[in-house]
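What follows is a set of notes on a single structure, which appears directly below.
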Amino acid sequence: AQSVTQPDIHITVSEGASLELRCNYSYGATPYLFWYVQSPGQGLQLLLKYFSGDTLVQGIKGFEAEFKRSQSSFNLRKPSVHWSDAAEYFCAVGAVTNAGKSTFGDGTTLTVKP
Amino acid sequence: DAGVIQSPRHEVTEMGQEVTLRCKPISGHNSLFWYRQTMMRGLELLIYFNNNVPIDDSGMPEDRFSAKMPNASFSTLKIQPSEPRDSAVYFCASSLGGASSPLHFGNGTRLTVT
């Protein structure tokens with residue numbers, strides 16, 4: 001069975017600083033990986049996804065993520081954080097089943113200091 | 001594309017009452033998921049459907065919870081009778097199905113059981 005670990009429950013960064021959110025997965029085959037963001041009072045929104053090919057993927061809102069098979073990681077990065085990036089971030093791995101059930105990590109809450 | 005539509009956005013009810021949450025998935029999506037989110041337990045998958053058929057309901061907490069999908073454009077999650085510990089935000093999500101398809105979430109229903 002697949003699993004996802006987000007080691008950091010809460011991260012605080014200053015506005016304008018760089019950001020890296022960690023995600024480690026466990027899956028027997030080539031994973032389908034996703035990052036979602038949840039702003040207060042809203043549902044989760046897809047930031048980016050990785051299936052195959054280039055291991056550095058670009059997403060919306062200036063985010064990118066790098067797939068490293070050797071480390072079973074899919075870390076999310078942003079060069080310069082904006083106050084509006086404060087939210088909760090979820091990493092997920094997709095299951096190879098017809099229904100596409102995804103397994104989510106526990107999330108990382110990002111606080112942005114002015 | 002109107003997105004996944006959930007109703008109501010907020011529901012306050014007394015213990016013992018029946019609660020029905022509603023979801024309209026994105027047209028053309030053939031997988032539908034119900035999640036529950038709480039501070040203590042995070043994001044939990046309750047049940048998911050593929051082509052209107054329940055595929056996995058192992059996350060449904062107990063017999064008080066039931067879900068239906070009578071057609072491709074509508075699903076309900078019912079709690080009868082409701083208890084204070086059911087208080088949470090309930091999300092519906094839909095996808096095209098398959099491991100590579102990201103989930104599209106609604107904005108959730110915040111349920112408070114007093």
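Since this is a predicted model, take the numbers as computed values, not measurements. Each chain gets a letter, A, B and so on, in the order its sequence line appears, and its residues count up from 1.
Contact residues of residues 102-114 of chain A toward chain B are A/Ser102, A/Phe104 (heavy-atom distance under 4.5 Å).
By the neighbour-count criterion of 12 heavy atoms within 6.0 Å, atom CZ of B/Arg64 is densely surrounded, having more than that number from other residues, nucleotides or ligands. Annotation for B/Glu14: atom CD does not count as buried by contact number, only 12 or fewer foreign heavy atoms lying within 6.0 Å. Atom CG of B/Asn71 sits in a crowded spot, with more than 12 heavy atoms from other residues, nucleotides or ligands closer than 6.0 Å.
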Checking B/Tyr35 against A/Leu44 for the side chain to side chain contact (heavy atoms under 4.5 Å, CB included) test, could you report, in this order, the C-alpha distance in whole Å, the side-chain angles of both residues, the deciding distance, and whether it holds? CA-CA 11 Å; B/Tyr35 286 88; A/Leu44 281 69; over 6 Å; no
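Following chains of ILVMFWY side-chain contacts shorter than 4.5 Å, one cannot reach A/Leu19 starting from A/Ile9, and the two form parts of different hydrophobic clusters. With hydrophobic clusters built from ILVMFWY side chains whose heavy atoms lie under 4.5 angstrom apart, B/Val19 does not share a cluster with B/Ile5. Criterion: ILVMFWY side-chain heavy atoms under 4.5 Å apart, direct or through other members. Under it, B/Phe74 and B/Leu96 are not part of a common hydrophobic cluster.
The nearest pair of heavy atoms linking A/Phe90 to B/Gln37 is CZ-NE2, 3.6 Å. Of all heavy-atom pairs spanning B/Phe91 and A/Gln38, the tightest one is CZ-NE2, 3.3 Å.
Residue A/Leu46 touches chain B through its side chain alone, counting heavy-atom pairs closer than 4.5 Å. Using a 4.5 Å cut-off between heavy atoms, B/Ser101 touches chain A through its backbone atoms (N, CA, C, O) alone. Neither the backbone nor the side chain of B/Arg41 comes within contact range of chain A; no heavy atom of the residue lies under 4.5 Å from a heavy atom of that chain. Of the atoms belonging to A/Gln45, not a single heavy atom falls under 4.5 Å from chain B.
Residues meeting the salt bridge (Lys or Arg N to Asp or Glu O under 4.0 Å) test with A/Lys61, sequence neighbours left out: none. Not a single side-chain hydrogen bond (donor to acceptor under 3.5 Å, both in side chains) links A/Arg69 to another residue, sequence neighbours left out.
Atom CG of residue B/Leu43 and atom CD of residue A/Glu88 lie 9.0 Å apart, to the nearest 0.5 angstrom. For the atom pair CG (B/Leu45) and NZ (A/Lys101), the distance works out to 6.0 Å, reported to the nearest 0.5 Å.
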Sequence neighbours left out, cut at 3.5 Å: what donor-acceptor pairs do the side chains of residues 47-55 of chain A make with other protein atoms?
from, atom 1, to, atom 2, distance (Å)
A/Asp54, OD1, A/Leu56, N, 3.1

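Under the 3.5 Å distance criterion, the side-chain polar atoms of A/Tyr32 are left unmatched by any main-chain donor or acceptor of B/Pro102.
With contacts defined as side-chain heavy-atom distances shorter than 4.5 Å, the pair A/Tyr36/B/Leu103 qualifies.
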